[in-house]
Amino acid sequence: MADEKAPLISSTSKYASISSSGSDVSVEKGEIVTVSDEYSHLLPHEAAILREQVTVKPNAVGFFNLYRYATWWDLLQLFFAVLCAIVEGCGRPLMTVVFGSVTETFTRYSSQRQLGFYNGTAFEFYDTASSYDMYNNTTNTYDFEYITPDEFQRTVNYQVLYLVYIGIADIIVSFFAVYIFIDRGQVLSGRIKERYLAATLRQNIGYFDKLGSGEITVRIAADTLLIQEGMSEKVTYCIGQTTMFIAAFVVGFARAYKLTFMMLSIAVFILGTFCVVLNLMSTYYAKSLEGSSAGGAVAEETLSSIRNVQAFGIQERLASRYDIFLAVSEKWSLKAGVALGITTGLMWLGVYSNDALGFWQGGRFIRSGEISVGDVVSTLMALILSTYALSNMIPHFRSITTAIGASRKIFATIDRESSIDSSSNEGIKLEKVKGDIELKNVRFIYPSRPNVTVLDNYSLHIPAGKTVALVGASGSGKSTIIGLLERFYHPLAGDVLLDGVDVKNLNIRWLRQQIALVSQEPSLFSCSIYENIAHGLIGTKHEFASEIEKRKLVTEACEQANAMSFINTFPEGLDTNVGERGFLMSGGQKQRIAIARGIVSNPKILLLDEATSALDTKSEGVVQEALDRASKNRTTIVIAHRLSTIKDADNIVVMRKGVIVEQGTHDELIAKNGDYFQLVEAQRIEKQKEKMAKAQGDYEDDENEDMDDLEMTKTMHLTRTRTAKSVSSVVLANKPVKEEVRADDYSLWTCLQFLYMLSEEDKSINFAGVMGSLFTGISYDLMGLFFGKCVQAYGVPPSEYDYMTEQIAIYAGLFFMLAVVQMIVTAFSWSCFALSTQRLVRRIRLKTFRNMVRQDISFFDMDENTTGSLTSMLSQDAQFVEGFGGATFGQVMNSIMIISTAVVFSLIVAWNLAIVCIVCIPIVMGAGFWRFYVLSVFQNTSKKSNEAAGSYACEAASAIRTIASLTREDDVMENYHEIIEKQGLKSKRASRQSAFWYGVAQSVQFFILALAFWYGSTFIRRNEYSLFQFYVTYSTVIVGAESAGIMFAFSPDMGKAKSATANIKKMLGTNPEIDVWDESGKTPENVQGDIEFENVHFRYSTRPQVPVLRGLNLKIKKGQYVALVGASGCGKSTTIGLIEHFYRPLSGRILLDGEDIMDFNINRYREQIALVQQEPTLYSGSIRDNIELGTARKVSDEEIYNVCRQANIHDFIMSLPDGYNTLCGSKGSLLSGGQKQRIAIARALIRQPKVLLLDEATSALDSESEKIVQAALDAAAKGRTTIAVAHRLSSIQNADVIFVFEAGQVAEQGTHQELLDKKGKYYDLVQLQALEGA
């Protein structure tokens, strides 16, 4: 059988169909690879039409592209922030000038003490002649001038005041620089999110045929946050460090240009290495993001179908698929981490090599008298500062390169010109629409299925105001015609005309506003019933009408669609929230709301694609009558498998394989005795030959159970009169309240302990990294020791220059040795941290995902646990945990070790001075930690906003066809803009506090340095400490304090990490009531299939005020075929959910073979049951993969073939080029509805269940296929208990027992004939569905 959506792409990868921008993707040798070009066999112009609908051209993205949406006001603020960052960057190089001046003062004062002493009034030489000669020979450029102790102190006091002034200025400029960049980063990234979603919504539908909504969610939830990081405060740090690098060289050239030129060679080497590795890192992170995005699509696909996942017990198998893509992400992130470690090691090589070269050559210049000690020390400190600047820049540059990598696909989508752009204002808008539709010689191929021609030279005329029905087998091209009318796709040839005008020439938005579409699987949005229906008024004259007028129109539409009967039972009526994707409504309720949305606008053209398939017979009769009325005087196209709904059509078009077989009225086609006659015969309700099939199990949250208003009112009244409280109410009142743990309650220490526990298996790797960090801490002490010795050597008189040269040579050599060792150790240490962190991130994602799919269904019923928010947690929170690892953890461990060893070493060398310096360290750390705390609180607040934005975007992407049909794009963007705006406003205060404490943490170092010089000068003045002791203490403690400041520059990363860790800990600590990990409980043995409900009461936890089952009693004997029928919301779906043990009843028992199902092990119990849902769920991968998901045991090809033959799908699969290896696409998007349903049936049959649950298992099938599948289901039902939920009564007339539900109880039961004889409720349902004129 030809199929309009037959998947024909081959792939060697088992799980290759995760979508990615127009190409199928797979994992090959640890990389995401794409499959193309599929269009080479077509004519060039046809290939071009198809290719433009799916192709996304990659574009080069640079740093400045991140700010592409900045206004002039944004740019002005950013310019001011850049200036502030530049000024901040100049602060430390200026500090080196002061440092050099103070050092020169210290060395001169120290050296004169070797020549004599101050007697209170004058300086006396120990040996007057020789000492004087020392300072008046030809090798000195100045005469000896002694400094009195008081002058020495005054000079130092004057010099250190400059450090105080620089510190005050640094607080101010740091605040403005950081705050503006954080604030504008938030605003601009919000605009990128909006542009990306807007660009996504305007894409043609062919673009989405290969793109999973999960990937869109990951891009909005995770990638845009990476962009925000890369364009916010990280830029400030990089500008400041770059300025510091340049300013340091300016100072160097000004003080000692020859020495600076020599040391420049090292800086050039470091800079060159830095550029090369930066490019590599950008490539690695881009590849890592590809893996995580593809994994996100798997996660979204799994979580959105959680009921099917739990019913088949496939949690671990889908988790394994998810882990495949996590491995890809881990591999490339690890490579980037190793590259970062090597670069950091090279930075340390540069830092200590600078010391070696500077002191060595500086001694030579001092000896020749070209420069002074102050010049050498200022130059040396400035150039060391330049290498520090590069070193500190690396982690922040990493965020920028990651942002650039993350932005590529986002900007590619934003820049993509949609071949059918719904936002375009171009095109004709007809003054008056008659509704005359004509398709002329249309040739059509789906862009995602280029090997199958769906329509070839197809022609059809639909006169204005007439109703035309399209019938035929699945895949015959019926839905394609609707897609062409809505301009979802381009035809390859021919014309689609509306009132004689080609739809290609009409304005797209205007065209879609003339059409109302009600589809088989209706998409509702997470808002109230009223708002959902009011979306149908977009583009009409009532769009901006008053609230009163709108409510009147909505109410009328609801009454026409027979929806008010269940809406009035809700406490909030029309204002009741339908939940994410309408999950709080039953299938019939969703469809009636969608019908109301379709007819509320009184459209010119009405498209009904199986609009009543999910309705019970009673509702269908009322709604069909409403649709018949709505069809009057307007053009209506109906696609139907249930032929009773289209018998009054003006023209019925019978299609097969994209060709019109016959057409005419119902009576004309019956008289022809052709294809249509055969279809009618297959559906005749009184035809005794036709055997039953099965039934089903509706899961959707029936919290809003639709009951007959009068009966429900009476029941509730009687209950209150007799007992005051129902059984359910009493049980709920006595049920212990579960204490909820909030993520905010976890302390930083608790989060760190939790991460340590998760990293237990990597402790040897982390230990190796910590040992490397310990050496880094010791290296600072060694550096201080060498630095002190060199400065002491510089302080000798000219007569001892030989000694100075000898000492400098020794310690310069030791400096270089330290440089080489430090390079190796740092590269090793950071690589260890990168390895352990990436393994941790992968482990967290997998554990979190496994724990999510472990939760019971009530967890997913909660508003906060939408698919979008859970997918965001997987992609976002796990990534943020990296803020406690990798580069950040490496820097933190280095800082901790540096401070620890500095404290010990300085106390040994000069304890008096050390104590004062050490007391200052908590001040630096306190300022940094407070900023960290403020950010942590901010992250908790913004996370909820980000989740809300991510969830909203995910919902929009998942329902793209509905949004396009309703022209809701602008409405969606207005709501999304509000979410982003609220998020920005909430973050401003936290941003200000964060920036202020950053400024304090940075500037306090200047104050501490001033204190150290002032306090140290008092000891030197009194001759209590030597230069060596002072500089060793200064170099270790003060540099240690600076290191602490650097550590807290990572506060944003750590703040996000703490918040993310708390969320993950909460998720992993959430234990479900019905736990699939619980191995306790009995294993059902020799299961017969007897099922019994004993006085079962039930209410959904999310709506405890609405009773669903009210003392349900029913018995099903082994091997029986039982049908559950009744109005939508009467409890049928809930019954199926309770049999599957998705929920526990509030009271009463559910028995299998006489034993309470709560006593069984949940997994062993569910192995006895198979489920086929009304809306079949397939997963990415091949057809074979999807069928194999039905059972955990190894199955043979022959077994797969047999179940597919039973489901009438084998021949179709074998006709495909890749057979059973054909890809299904994300959520089975590459198959038609009927094909998906038959594969789902095959998946259930291969399970060999003792109990079979059928939820409208044949509702998506055409009559021809239904007849065959129904016979197969009849055969499959033999020997096992079968429970069917059915609206199409022809499929259950041969059931052994039919239970008619009403108000959560069984109203009547019996066989089909027995119930007809009673002439009760079932009789009424049958009469409503009987075909006329058969």
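Numbering of residues begins at 1 and proceeds along the displayed sequence.
I1169 has its side chain out of reach of P1249: every pair of non-hydrogen atoms, C-beta onward, lies at least 4.5 Å apart. Contact check for N1163 versus W1077: no side-chain heavy atoms found under the 4.5 Å cut-off. Side chains of L1152 and Y1165 form a contact here, defined as non-hydrogen atoms less than 4.5 Å apart.
There is a side-chain donor-acceptor pair under 3.5 Å between E1199 and Q1248. Between the side chains of R854 and N1071, a donor-acceptor pair is found at a separation under 3.5 Å. Between the side chains of K1250 and Q1168, no donor-acceptor pair is found at a separation under 3.5 Å. One side chain, D1185 or S1182, offers a donor N or O that lies under 3.5 Å from an acceptor on the other. Under 3.5 Å, the side chains of T1134 and Y1100 contain a donor-acceptor pair of N or O atoms.
Of the possible donor and acceptor atoms, one in the side chain of D1153 sits under 3.5 Å from a partner among the backbone N and O of D1090. K1115 places no side-chain N or O within 3.5 Å of a backbone atom of F1093 that could act as its donor or acceptor partner. Side chain of Q855 to backbone of N851: a donor-acceptor contact under 3.5 angstrom is found. Here the side chain of R1243 pairs no donor or acceptor atom with the backbone of E1188 at under 3.5 angstrom. Checking side-chain atoms of R1166 against main-chain N and O of A311 turns up no donor-acceptor pair under 3.5 Å. A donor-acceptor distance shorter than 3.5 angstrom exists from the side chain of N1113 to the backbone of G1111, with no hydrogens or angles considered. Using modelled atom types, no side-chain atom of R1280 and backbone atom of L1252 make a donor-acceptor pair closer than 3.5 Å. The backbone N or O of T867 sits nowhere less than 3.5 Å from a side-chain atom of S304 that would complete a donor-acceptor pair. The main-chain N or O of E1073 is found under 3.5 Å from a side-chain atom of D856 such that the two form a donor-acceptor pair. A donor-acceptor contact shorter than 3.5 Å links the side chain of S305 to the backbone of E301.
In terms of heavy-atom proximity, V1172 sits nearest to I1241 at CG1-CG1, 3.9 Å. Nearest heavy atom pair, residue A1170 against residue A1244, reads CB-O, 3.6 Å. Contact between L846 and A319 at its shortest, heavy atoms only, is CD1-O, 3.6 Å. Looking at every heavy atom in both residues, P1145 comes nearest to V1096 through CB-CG1, 3.6 Å. I1239 and N1186 make their closest contact through CG2-CB, 4.4 Å (heavy atoms, listed as atom of the first residue, atom of the second, distance). Of all heavy-atom pairs spanning K1132 and V1125, the tightest one is CD-C, 3.6 Å.
The ring pair (Phe, Tyr, Trp, His ring centres under 6.0 Å) test applied to Y1322 returns H1312, not counting sequence neighbours. Legend: residues meeting salt bridge (charged side-chain N to carboxylate O under 4.0 Å, His left out) with E1308, ordered by chain and number and at least two apart, are absent. Taking Y322 as the reference, F849 meet the ring pair (Phe, Tyr, Trp, His ring centres under 6.0 Å) condition, with sequence neighbours excluded. Remark: E1155 engages K1082 in a salt bridge (charged side-chain N to carboxylate O under 4.0 Å, His left out) (not counting sequence neighbours). The ring pair (Phe, Tyr, Trp, His ring centres under 6.0 Å) check on Y1220 picks up Y1201, H1210, with sequence neighbours excluded. Partners of D1317 by salt bridge (charged side-chain N to carboxylate O under 4.0 Å, His left out), not counting sequence neighbours: none found.
The number of heavy atoms from other shown groups lying within 6.0 Å of NZ (K1117) does not exceed 12.
Atom CG of L1151 is separated from atom CD1 of I1116 by 11.5 Å, given to the nearest 0.5 angstrom. Between F1301 atom CZ and S1133 atom OG the span is 10.0 Å, to the nearest 0.5 Å. The CG atom of L1114 lies 9.0 Å from the CD1 atom of I1091; values are rounded to the nearest 0.5 Å.
Salt-bridge check for E316 with R321: failed, with every basic side-chain N at 4.0 Å or more from each acidic carboxylate O. Taking the charged nitrogens against the carboxylate oxygens, D1197 and R1184 do have a contact shorter than 4.0 Å, which makes a salt bridge.
Taking the centre and axis of the six-membered ring of F566, the NZ or CZ atom of R592 falls outside the cone set by 45° and 6.0 Å.
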Worksheet entry | Steps toward side chain to side chain donor-acceptor pair (under 3.5 Å) verdict (Y1143, D861) | CA-CA 11 Å; Y1143 305 94; D861 292 345; 3.0 Å; yes

